[in-house]
Amino acid sequence: MFISKFGSAPKFYARAPGRVNLIGEHIDYCGYAVLPMAIEQDILIAVEPVQTQVVQLANTNSLYLDFSTSVNNIQINKTKPQWHNYFLCGLQGIQEHFGLNNPTGMNCLLDGTIPPSSGLSSSSALVCCAGLVTLRANGKTLSKVELAEICTKSERYIGTEGGGMDQSISFLAEEGTAKLIEFSPLRATDVRLPSGATFVIANSCVEMNKAATSHYNIRVMECRLATKLLSKSKGLEWRKMLRLHDVQTKLGVSLEEMLTIVEEVLHPEPYSTEEICKCLGISLEELRSQILSQNMQDVSTFKLYQRAKHVYSEAARVLEFQKICSEAPANALQLLGELMKQSHISCREMYECSCPELDRLVDICLQFGAIGSRLTGAGWGGCTVSMVPTDKLNTFLKNVKKAYYQTDGQRRPLERVNEGLGSFCF
């Protein structure tokens, strides 16, 4: 297809995998560690560097239209998160990092097996793959950590305020292990999962593009505002504080103590912009110009108590998950399963990032033998991840297919992750 499209053969290929997050949802952009692993589904790009300073993009999926642009005139449309804009994020990130004045043009053919808008990081994998392609085509080199950090920043060109988990695991993943991803500085530690369990990814078939809606960025801003109010109440330099992790670090207290502080300082009722201004002692104009991002100007209420409660409790669950995997007690699977269930409840009730289909799918998975089950990814659609005893896997898959997929003709209960149900074991 590459030759028929561009008239010559590709010179090299680049690959970036998707990921599933086992636990630690919506806390990377708050500064806290997460626990994902890469999956075999990926983005693959065939590349031919060319003499002209033009990038031509084509996709093996005819639903995604061809695109071309000058490498010296990159324009990323935030209002329409089309597939080529994610490529342009990675392209621009590498160009800016190296200050490339005469960047190489490229013919690129993209193929992907990560289902779009499924919570398995298809968009971040595309940004990472585009960054890798641009790096190679221009004869530059970077470490995996440097690539992850650049691609994290460059994906924000499309308007999402992500924290870095997706890009980090795409570059730092290794076969046969999950990773504890920590930030500032970025580092990854192997987490060996206990044997006897299989992790099953199930697609709710509800698509959610976080760049196309405001849900995700509102949560980021609510966490930032909670950071400001908690900092102000404790006499910290609140104007400099951006992440909930920063508050804990400055106070030098445990996550459990932070949860107590949240109870003392914040109230469960939504905060109006006027109340936030009063708490911080600033004007509405200053709030809008100095704190709220451009796409948050029209939001009038924010839930700060619930978001902070989720973040601090979820951060604690991540550390407990890692500890259980490290110590491997006899009841490790049951303990991990309980943490996964607690995580989903918090995502649903405190962070409000679930949806009826995800809740139903989690319930079905637990009903038919999963030890733990939760949404994975940003939420509001996408996938669940469930931990299932390996000896019960076949019965589990059969029952979940019947209960969730075969009751709706629009859902396709096929065997791979990108087509419905998929599994991987340790």
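From a predicted model like this one, the values you see are computed outputs, not experimental measurements. When reading the values below, keep in mind they use all heavy atoms of this one structure, side chains included, and skip hydrogens, waters and symmetry mates.
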Exam field: side chain [X] to backbone [Y], donor-acceptor pair closer than 3.5 Å:
X	Y	value
S346	S343	no
Y312	L244	yes
D42	L44	no
Q297	R288	yes
W83	L65	yes
Y405	N203	yes
T376	N21	yes
W380	E207	no
Q53	P103	yes
S168	A148	no

Kindly give the heavy-atom pair with the smallest separation between [X] and [Y], and that separation in Å.
X	Y	answer
V247	S231	CG2-OG, 3.5 Å
Y29	G162	CB-C, 4.2 Å
N72	N101	OD1-O, 4.0 Å
F12	A137	CZ-N, 3.9 Å
S154	C89	CB-O, 3.2 Å
C128	C151	CA-SG, 3.8 Å

**Request:** Could you walk me through whether L292 and M221 pass side-chain contact (heavy atoms from CB on, under 4.5 Å), step by step?
**Result:** CA-CA 7 Å; L292 298 183; M221 184 54 63; 3.8 Å; yes
**Asked** Taking it one step at a time, do Y404 and F368 satisfy ring pair (Phe, Tyr, Trp, His ring centres under 6.0 Å)?
**Response** CA-CA 11 Å; Y404 187 78; F368 289 114; over 10 Å; no
**Asked** Between V20 and M37, is a side-chain contact (heavy atoms from CB on, under 4.5 Å) present by the stated rule, with each step listed?
**Response** CA-CA 6 Å; V20 59; M37 65 172 72; 3.5 Å; yes
Counterpart residues, salt bridge (charged side-chain N to carboxylate O under 4.0 Å, His left out), relative to [X] (two or more places apart):
X	answer
E338	K341
R348	none
D359	none
D391	none

**Prompt:** Are the side chains of I371 and V388 in touch, meaning some heavy atoms are under 4.5 Å apart?
**Reply:** no
**Asked** Heavy-atom distance under 4.5 Å between the side chains of M106 and L91, does that happen here?
**Response** yes
Checking [Y] against [X]: is there a side-chain donor and acceptor pair closer than 3.5 Å?
X	Y	answer
E352	Q306	no
T384	S373	no
E146	S143	yes

Gap separating the [atom1] atom of [X] from the [atom2] atom of [Y], nearest 0.5 angstrom:
X	Y	atom1	atom2	result
I364	N399	CD1	CG	10.5 Å
L304	C223	CG	SG	9.0 Å
I291	S293	CD1	OG	11.5 Å
M387	L366	CE	CG	10.5 Å
L109	I45	CG	CD1	9.0 Å

**Request:** Could you tell me which residues satisfy side chain to side chain donor-acceptor pair (under 3.5 Å) with D363, sequence neighbours excluded, listed by chain and number?
**Result:** none
**Item:** By side chain to side chain donor-acceptor pair (under 3.5 Å) - contacts of T60 (at least two apart)
**Value:** D111
**Message:** Is there a side-chain hydrogen bond (donor to acceptor under 3.5 Å, both in side chains) between T301 and S272? Walk through the geometry before answering.
**Reply:** CA-CA 5 Å; T301 59; S272 66; over 6 Å; no
Would you call [X]-[Y] a salt bridge at under 4.0 Å N-O?
X	Y	value
E286	R239	yes
R317	E314	yes
K240	D246	no
E269	K303	no

**Request:** With sequence neighbours excluded, tell me which residues meet ring pair (Phe, Tyr, Trp, His ring centres under 6.0 Å) with F6.
**Result:** F2
**Qualifying side chain to side chain donor-acceptor pair (under 3.5 Å) pairs, either residue in residues 128-142, two or more places apart** = T104-N138
**Contact list for residues 220-229, test side chain to side chain donor-acceptor pair (under 3.5 Å), sequence neighbours left out** = E222-R307
**Request:** Determine, step by step, whether Y305 and H267 satisfy the ring pair (Phe, Tyr, Trp, His ring centres under 6.0 Å) criterion, reporting the C-alpha distance in whole Å, the side-chain angles of both residues, the deciding distance to 0.1 Å, and the verdict.
**Result:** CA-CA 6 Å; Y305 167 88; H267 57 66; 8.5 Å; no
**Asked** Which is it for V362 and L375 under the side-chain contact (heavy atoms from CB on, under 4.5 Å) test, yes or no, and what are the steps along the way?
**Response** CA-CA 7 Å; V362 164; L375 66 83; 5.6 Å; no
**Request:** Hey, could you give me each pair passing salt bridge (charged side-chain N to carboxylate O under 4.0 Å, His left out) that has a residue in residues 156-165? Not counting sequence neighbours.
**Result:** none
**Prompt:** Taking it one step at a time, do E48 and S8 satisfy side-chain hydrogen bond (donor to acceptor under 3.5 Å, both in side chains)?
**Reply:** CA-CA 8 Å; E48 178 194 20; S8 52; 2.7 Å; yes
**Request:** Report, as yes or no, whether the 6.0 Å neighbourhood of atom NZ on K11 holds more than 12 heavy atoms from other residues, nucleotides or ligands.
**Result:** yes
**Request:** For atom CG of D298, decide whether the heavy atoms of other residues, nucleotides or ligands shown that lie under 6.0 angstrom number more than 12.
**Result:** no
**Request:** For residues 342-367, pull every pair meeting ring pair (Phe, Tyr, Trp, His ring centres under 6.0 Å), keeping only residues two or more places apart or in separate chains.
**Result:** H26-Y351, H310-Y351
**Prompt:** Applying ring pair (Phe, Tyr, Trp, His ring centres under 6.0 Å), which residue pairs with at least one partner in residues 141-193 are found, sequence neighbours left out?
**Reply:** none
**Asked** Under the side-chain contact (heavy atoms from CB on, under 4.5 Å) criterion, do L180 and E182 qualify, and how do the steps go?
**Response** CA-CA 6 Å; L180 180 77; E182 299 172 274; 3.9 Å; yes
